[in-house]
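None of the values given here were measured: they were computed from a predicted structure. All values below come from the heavy atoms of this structure, side chains included, with hydrogens, waters and symmetry mates left out. Proteins get letters first, then strands, A, B, ... in listed order; numbering begins at 1 in each.
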Protein chains: 2
Amino acid sequence: MAKAKQAQKWQRDPEGMRLRILEAAKQEFSAHGLAGARVDRIAAKAGANKRMLYYHVGNKDELYLAVLEGAYDKIRSEERGLDLEHLDPPEAIRRLIEFTWNYFLRNPEFLSLLQTENLARAKHLKKSTKVKSMHSPFVEMIRTVVRRGVDSGDFQVAVDPVQLYISIAGLCFFYLSNSATLSVIFGRDLLDKKAKDERLAHMVGLVLAALTGQSVALIEIAKAPKSRAAVAQTV
Amino acid sequence: MAKAKQAQKWQRDPEGMRLRILEAAKQEFSAHGLAGARVDRIAAKAGANKRMLYYHVGNKDELYLAVLEGAYDKIRSEERGLDLEHLDPPEAIRRLIEFTWNYFLRNPEFLSLLQTENLARAKHLKKSTKVKSMHSPFVEMIRTVVRRGVDSGDFQVAVDPVQLYISIAGLCFFYLSNSATLSVIFGRDLLDKKAKDERLAHMVGLVLAALTGQSVALIEIAKAPKSRAAVAQTV
DNA sequence: GGAGAAATTAACCCGTTGGATAAATACTGT
DNA sequence: ACAGTATTTATCCAACGGGTTAATTTCTCC
């Protein structure tokens with residue numbers, strides 16, 4: 001048995017163990033939801049023992065909350081790196097949409113976790129002390145962009161930054177988190193490369209057109225020849 | 001015990017029983033998800049016996065699928081009554097948004113069910129033969145509206161009806177289905193009357209502005225008199 | 001009014017699951 | 001090298017949950 005050798009690899013490594021547990025838990029919770037998640041599977045996936053979860057993190061609920069907090073922590077910290085301040089307003093909005101879209105694409109477990117937590121009506125999140133304090137300065141970042149856009153004349157109207165953010169997140173989130181049922185309903189694969197490119201173009205066009213009033217590059221549906229066209233068309 | 005009397009009320013009523021079971025199951029599944037739902041609770045809520053579920057519908061999965069199909073059936077049939085054909089395009093879009101928004105508000109279990117099913121990557125829905133055939137002529141309805149809008153000059157650009165529908169649904173869906181976590185994050189109650197009114201106005205403004213290019217009535221944040229600032233300002 | 005089918009109930013079965021107990025093993029400082 | 005602590009493992013179990021078996025009641029139609 002190579003067991004001995006393997007075991008050696010991470011014997012007595014509390015930090016690493018905790019991380020592996022959280023990672024495995026993230027996978028499990030996002031794949032099966034809170035009730036569907038199996039503690040033993042998490043343990044197995046983490047190369048650990050069930051008892052370890054309780055030792056290092058706590059019971060199932062605490063484990064779940066830890067995963068959730070970690071997920072929020074991650075996106076908030078990436079958001080902080082966006083520095084929309086130095087872009088001209090329309091470009092800043094475009095970048096915000098692209099970031100959100102790509103983040104959701106890169107982190108599908110994040111979407112699942114949010115869905116799971118919302119099905120529970122945020123019961124667990126409400127208990128979190130950490131998350132509340134994260135209240136990212138993100139909203140202010142957006143508010144500033146909007147204000148600058150209005151001042152410069154790029155935007156025709158001042159939008160509530162929270163509404164705008166929810167709209168952008170919603171456009172991205174719904175498409176991705178519901179792609180499974182939508183694909184069945186509409187009979188198209190919404191996750192192939194072409195479809196995703198089109199979606200991004202559509203969203204950027206929609207939001208920018210609404211803000212600037214220029215339907216330039218609005219919605220690209222005027223499909224071109226064979227290429228993914230998807231491009232817009234100035235009207 | 002009034003038990004005897006009560007029991008009399010719906011003794012031997014297969015149709016009614018099936019309906020009560022499905023209704024109870026809808027509640028349970030939307031409240032707890034598939035894995036979290038408890039067959040016994042459904043039975044109790046339906047005023048039935050656990051065995052009855054298996055007798056009338058089948059096992060837990062079949063029950064779940066039946067609920068899901070019922071939910072889709074309901075929204076599709078209501079959608080058919082929209083007759084957007086007789087409205088001028090911008091008005092038709094406004095009505096579509098309002099319908100979607102109100103339907104989601106009136107049927108929160110529908111949102112939960114969709115979330116649940118998407119967490120399962122539509123595993124069950126794919127097995128449904130019924131749902132696929134429902135592929136509502138809804139998309140065509142929207143396509144027609146868009147085409148008319150372009151022809152009349154109301155809309156500046158032709159949008160893919162599926163993208164448009166997903167955008168509208170997404171704007172409504174995300175706000176409502178994620179209101180629990182969003183409320184925590186942003187520290188506002190997103191479900192009070194005022195917030196909901198603002199949201200509807202925002203969405204209508206956003207979509208219509210994008211389509212027509214008229215930012216008129218874009219984002220209505222130009223709230224009235226005494227209400228708490230946060231208001232917009234037409235620029 | 002009674003035979004047979006349909007509907008309903010009560011009781012049980014048995015694998016699973018979250019969690020707990022206690023023992024073993026590795027590491028630390030002295 | 002040894003006492004004490006931190007980490008890990010091997011088992012156990014009581015509760016629960018989905019599903020089944022078999023008996024009971026109610027209806028229907030003759």
Under 3.5 Å, sequence neighbours excluded: what are the donor-acceptor pairs made by side chains of residues 103-112 of chain A?
| residue | atom | partner | partner atom | Å |
| --- | --- | --- | --- | --- |
| A:Tyr103 | OH | A:Ile75 | N | 3.4 |
| A:Arg106 | NH2 | A:Glu78 | OE1 | 2.9 |
| A:Ser112 | OG | A:Pro108 | O | 3.4 |

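- Atom OH of B:Tyr64 and atom P of D:dG18 are 15 Å apart (whole Å).
- At whole-Å resolution of the value, CG in B:Leu34 and C1' in D:dG18 are 12 Å apart.
- By the neighbour-count criterion of 12 heavy atoms within 6.0 Å, atom NZ of B:Lys132 is densely surrounded, having more than that number from other residues, nucleotides or ligands.
- Between A:Glu23 and A:Arg20, none of the side-chain N atoms (NZ, or NE/NH1/NH2) sits under 4.0 Å from a carboxylate O, so this pair counts as no salt bridge.
- In this structure A:Lys126 satisfies the side-chain hydrogen bond (donor to acceptor under 3.5 Å, both in side chains) test with no other residue, sequence neighbours excluded.
- Between A:Arg20 atom CZ and D:dT7 atom C1' there is a gap of 12 Å when expressed in whole angstrom units.
- Applying the side-chain hydrogen bond (donor to acceptor under 3.5 Å, both in side chains) criterion to B:Arg188, with sequence neighbours excluded, gives A:Asp160.
- Atom-to-atom, CZ of A:Arg18 to P of D:dA6 comes out at 17 Å; the value is rounded to the nearest Å.
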Is there any protein nitrogen or oxygen under 3.5 Å from a nitrogen or oxygen in nucleotides 12-17 of chain C, and what are the pairs?
| residue | atom | partner | partner atom | Å |
| --- | --- | --- | --- | --- |
| C:dT17 | OP1 | A:Arg38 | NE | 2.6 |

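- The ring-ring contact (aromatic ring centres under 6.0 Å, His included) analysis of residues 18-55 of chain A, with sequence neighbours excluded, yields the pairs A:Phe29-A:Tyr64.
- Comparing D:dA22, D:dT8, C:dG19 by their closest approach to the side chain of B:Arg51 singles out D:dA22.
- OP1 or OP2 of D:dT8 sits under 4.0 Å from a side-chain N or O of A:His56.
- Sorted by first and then second residue, the side-chain hydrogen bond (donor to acceptor under 3.5 Å, both in side chains) pairs involving residues 170-180 of chain B (not counting sequence neighbours) form an empty list.
- Regarding A:Met52, its CE atom lies at a distance of 15 Å from the P atom of C:dT25, rounded to whole Å.
- Considering only the side chain of A:Asn49, D:dA10 comes nearest among D:dG18, D:dA10, C:dA10.
- Per the geometry, OH belonging to B:Tyr54 stands 14 Å off C1' belonging to D:dT21, to the nearest Å.
- As rounded to whole Å, 15 Å separates atom P of D:dG18 from atom CD of B:Glu62.
- Look at OH on A:Tyr55: it is 19 Å from P on C:dG19, rounded to the nearest Å.
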